Amino acid sequence: NDYFGMVVNNNSIIPEFTFDDTTIKLDDKNMWYIMGYFIGNGCCVDSIYKKTGKLRYDICFCINEKHIEDILNISKDFLNLKFGHYSCKSGKASVYRVYNKVWFNIYKQFGKYAHGKLIPEWVQDAPVEYIQEFINGYLKADGDINNQGRNRITTVSHNLAFGLQRLYLK
């Protein structure tokens with residue numbers, strides 16, 4: 001006879017970040033869609049330029065062949081993803097990469113590796129229309145439709161699963 005309840009986050013805050021002298025406001029639905037896609041098929045790679053010893057701000061996306069045109073088109077105004085000799089191709093996906101300090105610092109907040117991914121609180125605080133785009137992007141990366149015609153998401157990250165549950169409640 002126990003009850004369990006969860007408070008639904010009613011905040012509607014558009015996040016804004018400042019890194020060094022650059023300020024970015026996440027007020028574009030395409031940004032949210034690509035952030036959702038990143039959480040399913042992206043990673044930040046900590047690497048250092050051999051010649052200078054400085055940090056490279058590598059962001060990688062493993063993009064399914066059937067999604068490449070859509071993802072590149074949606075992200076073209078704020079990320080300039082490139083496929084090149086440094087990328088690998090395996091199966092039906094290709095790796096695209098960009099070097100961008102601002103987006104690196106934003107994406108890094110989503111955690112590392114599949115089991116370590118999470119949804120930061122600033123995503124939970126966002127307006128519903130941005131959260132919907134975030135979920136749509138994540139569904140494109142890690143979702144499918146089950147035999148009842150419903151969306152299904154698979155993840156090995158408990159934090160990500162519970163974070164998505166909170167987003168759906170909102």
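When reading the values below, keep in mind they use all heavy atoms of this one structure, side chains included, and skip hydrogens, waters and symmetry mates. The structure presented is a predicted model; accordingly, all values stated were derived computationally and were not measured.
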Centroid-centroid under 6.0 Å between Phe38 and Trp103 rings
no
Which residues pass the side chain to side chain contact (heavy atoms under 4.5 Å, CB included) test with Lys66, not counting sequence neighbours?
Asn64
Under a plain distance cut-off of 3.5 Å, with no hydrogens placed, do Glu65 and Ser94 share a side-chain donor-acceptor pair?
yes
Would you say Phe162 has more than 12 foreign heavy atoms packed within less than 6.0 Å of its CZ?
no
When you look at Trp122 and Gln109, which way does the side-chain hydrogen bond (donor to acceptor under 3.5 Å, both in side chains) test go after all the steps?
CA-CA 10 Å; Trp122 55 265; Gln109 296 177 47; 2.7 Å; yes
Among Asp70, Ile74, Asp28, whose side-chain contact (heavy atoms from CB on, under 4.5 Å) with Tyr33 holds?
Ile74
Could you grab the distance from atom CG of Leu164 to atom OH of Tyr168, nearest 0.5 Å is fine?
7.0 Å
Check the side chains of Glu69 and Asn73 for a donor-acceptor pair under 3.5 angstrom, ignoring hydrogens and angles.
no
Asp27 and Lys25: CA distance, side-chain angles, deciding distance, salt bridge (charged side-chain N to carboxylate O under 4.0 Å, His left out) verdict:
CA-CA 6 Å; Asp27 59 355; Lys25 188 172 186 174; 5.1 Å; no
Determine yes or no for a side-chain-to-main-chain donor-acceptor pair under 3.5 angstrom, with Asn9 supplying the side chain and Gln124 the backbone.
yes
Please enumerate all residues that pass side chain to side chain contact (heavy atoms under 4.5 Å, CB included) together with Lys101, with sequence neighbours excluded.
Asp20, Tyr57, Asn105
Only residue of Ile34, Leu139, Leu167 satisfying side-chain contact (heavy atoms from CB on, under 4.5 Å) with Phe134 is Leu167
Would you please test Asn100 and Phe78 for side-chain contact (heavy atoms from CB on, under 4.5 Å) and show each step?
CA-CA 10 Å; Asn100 185 302; Phe78 61 97; over 6 Å; no
